[in-house]
Amino acid sequence: MSLPGRKSAFLHLILLCLLLVWARAGWAQPVQINSKSEGYAGLLSQVLEEQGTPLDLPQAMALFRQGRGQPGKSPILNFGIDSPPVWLQLELDNPADQPVAVMVVSGTTWIDHLQLSLVQADKLLGQWQMGDTLPGAKQLIPGIGFATRLLIPPGRSELYLRAASPDPLVLPIEVLDVDVFDARQHEYRFVYGLIYGFLLSMIVYNSMLYIGLRDRSYLHYSLYLALFGLLNMTYTGHGFAWFWPDNPSFQNHCILLMMVMFGCSGLAFTSSFLSLERYAPKSLRLLQALCILALASQAFSLLFNAQAAETLAAFVFALVASLGMLLLGILALKHRHVAGHYYLAAMFFGMLGTLITTLTVWGLLPFTGWNYGAIKIGIILQAILLALGLSFKVRQQQKSRLQAERMAERDPLTGLHNRRGFNEQAAAIWSTAVRNQRPLSLIMLDLDHFKTINDLHGHATGDKALKLTADMLAQNCRGGDVLGRWGGEEFLLLLPETGISEAQALAERLRMEIQTLELAESHTKLALSASFGVIERSSQGQLEQLINQADRLLYVAKHSGRNRVCRED
Ligand SMILES: Nc1nc2c(ncn2[C@@H]2O[C@H](COP(=O)(O)OP(=O)(O)OP(=O)(O)O)[C@@H](O)[C@H]2O)c(=O)[nH]1
């Protein structure tokens, strides 16, 4: 063969290959009807968009015959928000000599109008009307979509589907074996049972916590989960199929309304969890304005029957609300909010899930099971993290309350009990001693001429001397003794199981120790001394009286020359 001849043969070969590729793309394969029938059939479909005037079945069939249909571009076809009505054509091939029963899933639960027609040899074998504008929720399988049971005749036949909706037009068309469909329905029931059960238990748990703790975060969180449950029920079709099948106009709008309410409740929870009222009042006002705007736009679109605008507003708000929650989480972390890291991680998962599902339904991401279900996974992870975050917040609050209570009972300079703390501790010891008729003594001591210490060495040195004295007293106490700072330079020691002689001996020892105290860093000799009043509990009387008597004895010690112990004889 000459070179030009070879060249032309080669060109013919390439042309033939291109023709084959084109033919394969242009003529979709028929769906094989057998016991293994499953899988999304978008790629096997021919697609035709209505341009202006609506088409009836014969007109659409004629256009498909003229090759005006385009091959489907993805397994699940998604035409986005406010798409013109769409026709799909699907060829079926039943190799058996008997009709075979199949389930045809044609559209998601929110599609307004669906018309499915089965045709063989140009003869209409049956036609079914579905959609969420028709009462009765006919052929609606919650969680799956609109599904029709068909008897496919032997040989070649065609399915024609017309779908129209201003909502996201998602057509996960499938021709399924009846058993495969039943198994999937069981699986979906089980999964949704788990999801609703989980949500319900979290709602009840958080409501209980709100009743018990009166922290508004728990109430807002319960509301947020309840609205997520409701949103889920509306768009999966559970609500329409179970609760309001005869109210299609409500079904038609409630998904969008729930999306907005869910976003608002998320923002309300964010504001109470992060205490925006206190820390970021401007952000709070911005969120409130955003929620009012979103609700008003829903009401406005509803009033003027502008469903496409209603849909767009709801989707934009869902995105803005989830991004806003994430941003506030980052801000909270920056400002070291107690449970900010839990909140941020939770919001990240919730937002990511919401974002993926919103973009999927909108038509901007491929419609796969994982993408479509991302919101559920995100919200479940979010719920777990927020439950942890809320309990962490409560733990932190309890900790700071306990610390505040402890501070209220302690003297900040010496760390000893103050009057309140001393009285509280002493009351229990006192009543035990009274009940068991046990000895109990009290020592009251007061540093001598403390004013002179302050005047000579300064107030700061005076403080150090008080701390030094307190530490020395604490070191000389037994485990059950109660030690407190009663006033400026006055201390009290309550000694259970101690008679007057032992108490006096201890007071003497303490008196000697005080005289040896010196400031470690400067080795300043402070020339400290103290006077003591010591008394034992009598069979009558109260703790308060005992303290007054010790005070009186201390007064006697002061007036007898100071630096001495005076006891009741
Ligand atoms: N540095 C310091 N001084 C204190 C503190 N609390 C009380 N004081 C001082 O303790 C002194 C007590 O003075 P006075 O009540 O006149 O008694 P005193 O000088 O110790 O004399 P006598 O008790 O009569 O021996 C005052 O100068 C108070 O300012 C304190 O927390 N730190």
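The chain is numbered in sequence order, starting from 1. Just so you know, ligand 1 is whichever comes first in the structure, and atom 1 is the first atom listed for that ligand.
- Looking only at heavy atoms of the protein, atom 28 (C) of ligand 1 is closest to N454 ND2, 4.2 Å.
- Under the 3.5 Å distance criterion, with hydrogens and angles disregarded, a donor-acceptor pair is assigned to the side chains of Y196 and H238.
- Given atom 31 (O) of ligand 1, the protein heavy atom at minimum distance is R485 NH2, 2.7 Å.
- A salt bridge is defined here as a Lys NZ or Arg NE, NH1 or NH2 lying under 4.0 Å from an Asp or Glu carboxylate O, and R216 with E277 meets this definition.
- Here's the thing with R562: one of its N/O atoms is less than 3.5 angstrom from an N/O atom of ligand 1.
- Residue D446 has at least one heavy-atom neighbour below 4.0 Å for each of these atoms of ligand 1: 23 (O).
- The residue among E489, K451, H449 with a heavy atom at the shortest distance from atom 15 (O) of ligand 1 is E489.
- Of all the atoms in ligand 1, the ones that sit under 4.0 Å from a non-hydrogen atom of L466 are 2 (C), 5 (C), 30 (C), 31 (O), 32 (N).
- Partners of V191 by side chain to side chain contact (heavy atoms under 4.5 Å, CB included), not counting sequence neighbours, listed by chain and number: I195.
- The closest approach between any non-hydrogen atom of K467 and ligand 1 is not below 4.0 Å.
- Of the options D463, D455, D448, the smallest heavy-atom separation from atom 32 (N) of ligand 1 is shown by D463.
- Each of the following atoms of ligand 1 lies closer than 4.0 Å to a heavy atom of K558: 22 (P), 23 (O), 25 (O).
- Ring centroid separation for the pair Y224 and F228 does not come in under the 6.0 Å cut-off.
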Margin query: Would W486 and F491 count as a ring pair (Phe, Tyr, Trp, His ring centres under 6.0 Å) here? Give the steps.
Written below: CA-CA 5 Å; W486 197 243; F491 300 88; over 10 Å; no
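- Of the possible donor and acceptor atoms, none in the side chain of N476 sits under 3.5 Å from a partner among the backbone N and O of L473.
- With respect to atom 7 (C) of ligand 1, the closest heavy atom belonging to the protein is G488 CA, 3.6 Å.
- Ligand 1 places these atoms under 4.0 Å from at least one heavy atom of G462: 1 (N).
- Scanning both residues, G329 and L274, for their nearest heavy atoms gives N-CD1, 4.4 Å.
- With sequence neighbours excluded, no residue satisfies ring-ring contact (aromatic ring centres under 6.0 Å, His included) with Y205.
- Each of the following atoms of ligand 1 lies closer than 4.0 Å to a heavy atom of L447: 20 (O), 23 (O), 25 (O).
- Remark: aromatic rings of Y555 and H559 are close, center separation under 6.0 Å.
- The single protein non-hydrogen atom nearest to atom 20 (O) of ligand 1 is F450 N, 2.7 Å, given as residue, atom name and distance.
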